[in-house]
Amino acid sequence: VQLQASGGGLVQAGGSLRLSCAASGRTFNSYYMYWFRQGPGKEREFVATITWGGSSTYYADSVKGRFTISRDNTKNTVTLQMNSLKPEDTAVYYCAADRQYKYYGRDAKVTTNDMQYWGKGTQVTVSS
């Protein structure tokens, strides 16, 4: 599976952005899909995940109620709708895929070995 994230950019605080991740391969619907982010000088952190069929989602507390993850298995895409953006949301955002569900609690460490596949990141900058 190859992943390509897009949709990042510069936005003012309170604004919205929609990130997309396009996946190659015919087994997209066999993977849990994830979004992570890494802010300047920070560790990579979990943002959101969605199950194979899209029926269940899970979010980091820091984005709950503001971000929405969704997927379209007919188009092999996963989307992260980000509303009410804050300067602290500034980061490089990565989509990732894994056949297994992995739980990330508060302050959970993220390593590149956690996921089977990673996309290249897309930069999101939120100005105050």
Side-chain angles (χ1 to χ4, degrees):
V1 175
Q2 290 186 325
L3 304 173
Q4 178 64 54
S6 62
L10 174 64
V11 64
Q12 288 189 331
S16 298
L17 277 176
R18 186 177 181 89
L19 304 184
S20 292
C21 178
S24 65
R26 293 177 288 178
T27 59
F28 176 73
N29 60 2
S30 299
Y31 291 86
Y32 291 89
M33 296 301 297
Y34 298 77
W35 285 98
F36 297 87
R37 68 185 182 186
Q38 187 163 10
K42 297 181 180 180
E43 299 285 334
R44 190 168 298 190
E45 64 177 359
F46 166 79
V47 174
T49 187
I50 189 165
T51 54
W52 302 332
S55 60
S56 294
T57 57
Y58 179 71
Y59 298 91
D61 288 344
S62 58
V63 307
K64 199 174 296 182
R66 300 188 298 121
F67 291 11
T68 302
I69 187 172
S70 60
R71 68 189 296 164
D72 185 339
N73 287 340
T74 66
K75 297 180 179 179
N76 282 14
T77 58
V78 62
T79 299
L80 186 68
Q81 177 66 43
M82 306 186 295
N83 299 329
S84 302
L85 283 161
K86 305 175 181 180
E88 51 263 43
D89 294 318
T90 294
V92 177
Y93 284 71
Y94 300 88
C95 61
D98 199 285
R99 288 190 183 272
Q100 295 184 342
Y101 173 73
K102 291 184 170 65
Y103 170 76
Y104 291 93
R106 183 187 292 270
D107 298 328
K109 290 192 180 297
V110 177
T111 72
T112 54
N113 289 333
D114 286 357
M115 296 285 120
Q116 288 178 275
Y117 302 101
W118 289 91
K120 292 183 180 179
T122 184
Q123 176 71 47
V124 171
T125 303
V126 184
S127 63
S128 57

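Computed from heavy atoms alone, side chains included, the values below leave out hydrogens, waters and symmetry copies. Just so it is clear, the model here is predicted, and its values are computed rather than measured.
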Self-check item: Partner set under salt bridge (Lys or Arg N to Asp or Glu O under 4.0 Å) for Asp61, not counting sequence neighbours
Solution: Lys64, Arg106

Self-check item: By side chain to side chain donor-acceptor pair (under 3.5 Å) - contacts of Ser128 (at least two apart)
Solution: none

Practice problem: Scan residues 34-69 for pairs that pass disulfide bond (SG atoms under 2.5 Å apart), counting only residues two or more places apart or in two chains. | Solution: none

Exercise. Can you sort out the partners of Ser30 under side chain to side chain contact (heavy atoms under 4.5 Å, CB included), two or more places apart, ordered by chain and number?
Key: Thr27, Arg99

Self-check item: Heavy-atom donor-acceptor pair, Arg71 side chain to Phe28 backbone, under 3.5 Å
Solution: yes

Quiz prompt | Set of residues satisfying ring pair (Phe, Tyr, Trp, His ring centres under 6.0 Å) with respect to Phe67, sequence neighbours excluded | solution = none

Quiz prompt | Ser24: side chain to side chain donor-acceptor pair (under 3.5 Å) partners, not counting sequence neighbours | solution = none

Exercise. Please list all pairs passing the disulfide bond (SG atoms under 2.5 Å apart) test where one or both residues lie in residues 14-98, with sequence neighbours left out.
Key: Cys21-Cys95

Practice problem: Just grab all the disulfide bond (SG atoms under 2.5 Å apart) pairs involving residues 37-72, residues at least two apart or on different chains. | Solution: none

Exercise. Only counting residues at least two apart or in another chain, list the ones meeting salt bridge (Lys or Arg N to Asp or Glu O under 4.0 Å) with Asp98.
Key: Lys102

Quiz item: Looking only at atom types and distance, does a side-chain atom of Asp89 sit under 3.5 Å from a main-chain N or O of Ala13, one as donor and one as acceptor?
Solution: no

Exercise. Using the test side chain to side chain donor-acceptor pair (under 3.5 Å), find all partners of Thr112 that sit at least two apart in sequence or belong to another chain.
Key: none

Quiz item: With a 4.5 Å limit on heavy-atom distance, are the side chains of Ser20 and Lys75 in contact?
Solution: no

Quiz prompt | Atom CD of Gln2 with >12 non-hydrogen neighbours under 6.0 angstrom | solution = no

Quiz item: So which pairs with a foot in residues 95-128 pass ring-ring contact (aromatic ring centres under 6.0 Å, His included), sequence neighbours left out?
Solution: Tyr31-Tyr117, Tyr32-Tyr101, Phe36-Tyr104, Phe36-Trp118, Phe46-Tyr104, Tyr58-Tyr103

Practice problem: Calculate, to the nearest 0.5 Å, the distance between atoms OG1 and NZ belonging to Thr122 and Lys120 respectively. | Solution: 12.5 Å

Side-chain atoms of residues 76-87: list all donor-acceptor pairs with protein atoms under 3.5 Å, sequence neighbours left out, distances to 0.1 Å.
{"residue": "Asn76", "atom": "ND2", "partner": "Ala23", "partner atom": "O", "Å": "3.4"}
{"residue": "Asn76", "atom": "ND2", "partner": "Gly25", "partner atom": "O", "Å": "2.7"}
{"residue": "Gln81", "atom": "OE1", "partner": "Arg18", "partner atom": "NH1", "Å": "3.0"}
{"residue": "Gln81", "atom": "NE2", "partner": "Asn83", "partner atom": "OD1", "Å": "2.9"}
{"residue": "Asn83", "atom": "OD1", "partner": "Ser16", "partner atom": "OG", "Å": "2.9"}

